[in-house]
Amino acid sequence: MAQIVLFENIHPSARAVFEAAGYTDIVTHAAALPPAQLSDALRGAQVAGIRSRTHLDASLLSGNPDLRVVGCFCIGTNQVDLDAAMQRGIPVFNAPFSNTRSVAELVLGEAILLLRRIPEKNARVHLGHWDKSASGAFETRGKTLGIVGYGNIGSQISTLAESLGMRVIYHDVEAKLPLGNARPAGTLNELLEQSDVVTLHVPGGKATEKIMNADTIARMRRGSILINASRGTVVDIQALHAALKSGHLAGAALDVFPTEPKGPDEPLASPLIGMPNVILTPHIGGSTQESQENIGREVAEKLVRFLQAGTTKGAVNFPELPYLEQAGGTRILHVHRNAPGALGTLDNLMAQHGLNIISQTLQTRGQIGYVITDVEGEVNDIVMTTLRDHPITVRCDKL
Ligand code: NAI
C-alpha cells in the first residue's frame, strides 16, 4: 500500500477519497516544511500532496526515490521542478477546474454591484450620507457582457450571466463552441465596443500582457465596467486608472495585480486604492470552502487513478494515458527514454521472460515514453528487476 503524505492542510475530502479507495497509510502536515524537514517527512512516501508553499526541487525528488506521484492541490504547479519529476518518471497532477464556479460567481456579483454603483453607495452610507438617487444605477438584465477568454471560467460565466438576462458575447483566440445564446464577437475591439461589462479570463504570460491598455480601454463604451480576475499582467493599471478618473469607465473590479503583496501584512501598492468605484480583492476569486473541497477530491481522485491503474490523463508534465480497464493478471507501468526502438526493446525483454502481453498502450512526451502493459498471470521480482535495470528504463512498477 502506498504511503501518502499530505502537506499544507489539504482539505479532508482528499483523505476521504484515499480511504474509500482502500489507502489508510496517510500522514498529514498542517503546514509547508523547510527542505530538510520536508525530505524527512517524504522518506518512504510514494505519494506527496502539496499546495503552493511546498517546493519540490530536483534534489528533493532525487533524494526520495520511493516517490511515484505528486499531487498539487491547487492550480499552479511551478512550485515543483516538473522537468526533474518527468525525468524521474513521476507524474504531477493539479486541479485546473475545481474553482471555476467560485471565480464565475464573484465576477457576476461584482458586475451586479458595479452596475448599481454599490461600492460608492456603501462607502457613502458608512460616512453618514443618505443619497437615494437612481442616477447611474442599472440592472444587469438586457446588458451586454463581453467575455475575453472563453475557457473554463469564461464559458461558466457565460451560462450564469444568461440566466440573469444578460446578452453574452465573447472573444477567444481559439474557435470555441458558444454556450446557450452567447455568440463570438469577432475581434477584441468589436467586443469592447459592444459591451457594458467586460470581464477578462485569459491566461497570463507575454501573449496577454497588457491586452487592456490605453488603446483598448478607449475602445470600451463610455460608462462601461472592466473586471479582471485572471492575471494581473493583463491590464495596464495606469491606463485603467486614467480611464476611471476621466469617467470613461464607470467602475472596475480587480482580483489580481501586476505585483501582489507577499503576505497578509503587506499592503497592496496601486493607484486604484481609495477609488470609490473600484472593487479590490486579494486574489480570492477561486478561494471558497467549496473550491477547497472540490480540489481535495479532484486531485485525490487523479492520484488514486494513477496508483490503481497507471492513468496519467490530466498530468501536467507527463505523457497522458487515459483510464484503461486492466486486461490481464498484472499491469506493468514502464517509463523509458524516448528513443527509437524503446518499445521493441521492452517487448523483447518481456518475451525473453515469458510474459504474454494481452494489451499495451504507449504515449510519448518530450524525452520520455510511458507504456502500460497488461500481461497474463503474475510477474515475479526477478523479471521486475531486469526491467528496472535495463538502460532504457527510467522507472518501472507493477500494479
Ligand atoms: P482556460 O485555459 O480554461 O481559458 C483561457 C482561455 O483564454 C482559453 O480559451 C484560451 O484560448 C483563451 N485565450 C488565450 N489567449 C487569449 C487572448 N489573447 N485573447 C482571448 N482569448 C485568449 O483558463 P481558465 O481556467 O478559464 O482560467 C482563466 C484565467 O483565470 C487564468 O489566467 C487563470 O490563471 C485565472 N484564474 C484566477 C483565479 C483567481 O483566483 N482569481 C482562480 C482560477 C483561475
Side-chain angles (χ1 to χ4, degrees), residues 51-52 72-79 93-111 145-161 168-179 182-195 198-213 215-217 219-220 226-237 252-261 264 268 270 278-295 298-299 314 316:
R51 291 172 67 189
S52 57
C72 296
F73 287 75
C74 49
I75 316 295
T77 51
N78 52 13
Q79 67 280 39
F93 295 94
N94 68 340
F97 315 123
S98 290
N99 59 13
T100 301
R101 172 71 185 218
S102 302
V103 180
E105 287 193 14
L106 177 70
V107 166
L108 277 181
E110 289 174 335
L145 177 67
I147 301 173
V148 183
Y150 204 65
N152 296 319
I153 296 173
S155 57
Q156 176 93 216
I157 290 173
S158 173
T159 54
L160 293 177
V168 176
I169 56 177
Y170 65 86
H171 166 69
D172 200 292
V173 284
E174 287 178 17
K176 295 279 172 165
L177 176 73
L179 300 182
R183 59 178 181 78
T187 64
L188 174 63
N189 281 340
E190 282 173 55
L191 176 140
L192 300 175
E193 285 159 9
Q194 293 172 42
S195 301
V198 172
T199 185
L200 309 172
H201 301 288
V202 294
K206 270 266 161 269
T208 57
E209 195 174 332
K210 293 188 180 167
I211 55 174
M212 294 312 295
N213 51 47
D215 290 343
T216 46
I217 290 173
R219 295 283 192 145
M220 290 176 66
L226 180 65
I227 300 177
N228 184 20
S230 61
R231 282 286 172 254
T233 47
V234 175
V235 177
D236 179 338
I237 294 293
L254 299 179
D255 187 45
V256 289
F257 304 88
T259 309
E260 296 183 3
L268 173 73
S270 172
V278 179
I279 299 176
L280 302 174
T281 47
H283 204 148
I284 43 75
S287 306
T288 60
Q289 292 303 306
E290 289 86 349
S291 69
Q292 292 309 308
E293 186 177 342
N294 290 341
I295 287 170
E298 181 182 340
V299 179
V316 295

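For ligands, and for the atoms within them, numbers begin at 1 and follow the listed sequence. Numbers here simply count residues along the sequence, with the first being 1.
Considering both main-chain and side-chain atoms, P96 never comes within under 3.5 Å of ligand 1 through any nitrogen or oxygen pair. For ligand 1, none of its N or O atoms has an N or O atom of A207 under 3.5 Å away. Considering backbone and side-chain N/O of D172, one or more are found under 3.5 Å from N/O of ligand 1. Backbone and side-chain nitrogen or oxygen atoms of I153 are examined, and one is located within less than 3.5 angstrom of a nitrogen or oxygen of ligand 1.
For atom 5 (C) of ligand 1, the candidate residues are H201, H171, E174; the nearest heavy-atom contact is made by H201. Between G286, A229, A95, it is A229 that holds the heavy atom closest to atom 36 (N) of ligand 1.
Atom 21 (N) of ligand 1 lies below 4.0 Å from at least one non-hydrogen atom of the protein.
Interatomic distance, E298 CD to F73 CZ, rounded to the nearest 0.5 Å: 10.0 Å. Expressed to the nearest 0.5 Å, how far CG of D255 lies from CD1 of I284 amounts to 4.5 Å.
At least one heavy atom of V173 lies less than 4.0 angstrom from ligand 1.
In this structure the side chain of F97 never reaches within 4.5 angstrom of the side chain of N294, judged on heavy atoms. Looking at E260 and L268, their side chains never come closer than 4.5 Å, going by heavy atoms from C-beta outward. For the pair L200/I227, no side-chain contact is recorded, criterion being any heavy-atom separation below 4.5 Å from C-beta on. I169 places a side-chain heavy atom less than 4.5 Å from the side chain of S195. Taking the side chain as every heavy atom from C-beta outward, T208 and R231 never approach each other to under 4.5 Å. Residues K176 and E174 form a side-chain contact, since some pair of their non-hydrogen atoms from C-beta on lies under 4.5 Å apart. Considering only heavy atoms from C-beta on, M212 stays 4.5 Å or farther from N228 through its side chain.
Without hydrogens or angle criteria, Y150 side chain to A175 main chain gives no donor-acceptor distance under 3.5 Å.
Residue N152 touches ligand 1 through backbone and side chain together, judged by heavy-atom distances below 4.0 Å. Counting heavy atoms closer than 4.0 Å to ligand 1, residue Y150 contributes backbone atoms (N, CA, C, O) but none from C-beta onward. When heavy-atom distances to ligand 1 are checked against a 4.0 Å cut-off, N99 comes that close only through its side chain, counted from C-beta outward. Residue contacts with ligand 1 for D255 involve side-chain atoms from C-beta outward but no N, CA, C or O (heavy atoms, distance under 4.0 Å). Under 4.0 angstrom from ligand 1, the non-hydrogen atoms of K176 all belong to its side chain.
Atom 4 (O) of ligand 1 has its closest protein heavy atom at G151 CA, 3.3 Å. Counting protein heavy atoms only, atom 31 (C) of ligand 1 is closest to V202 O, 3.4 Å. Closest protein heavy atom to atom 35 (C) of ligand 1: S230 O, 3.5 Å. Atom 14 (C) of ligand 1 has its closest protein heavy atom at P203 CD, 3.3 Å. What sits closest to atom 42 (C) of ligand 1 on the protein, heavy atoms only, is V103 CG2, 3.5 Å.
Near T208, meaning under 4.0 Å from any of its heavy atoms, are these atoms of ligand 1: 15 (N), 18 (N). Distances below 4.0 Å separate heavy atoms of H283 from the following atoms of ligand 1: 39 (C), 40 (O), 41 (N). Under a 4.0 Å criterion applied to the non-hydrogen atoms of R231, ligand 1 contributes the atoms 32 (O), 34 (O).
A donor-acceptor contact closer than 3.5 angstrom is absent between the side chains of S158 and S155.
For E105, the salt bridge (Lys or Arg N to Asp or Glu O under 4.0 Å) partners at least two apart in sequence or on another chain are R101.
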* To do: Would you please test H201 and T199 for side-chain hydrogen bond (donor to acceptor under 3.5 Å, both in side chains) and show each step?
  => CA-CA 7 Å; H201 301 288; T199 185; 2.7 Å; yes

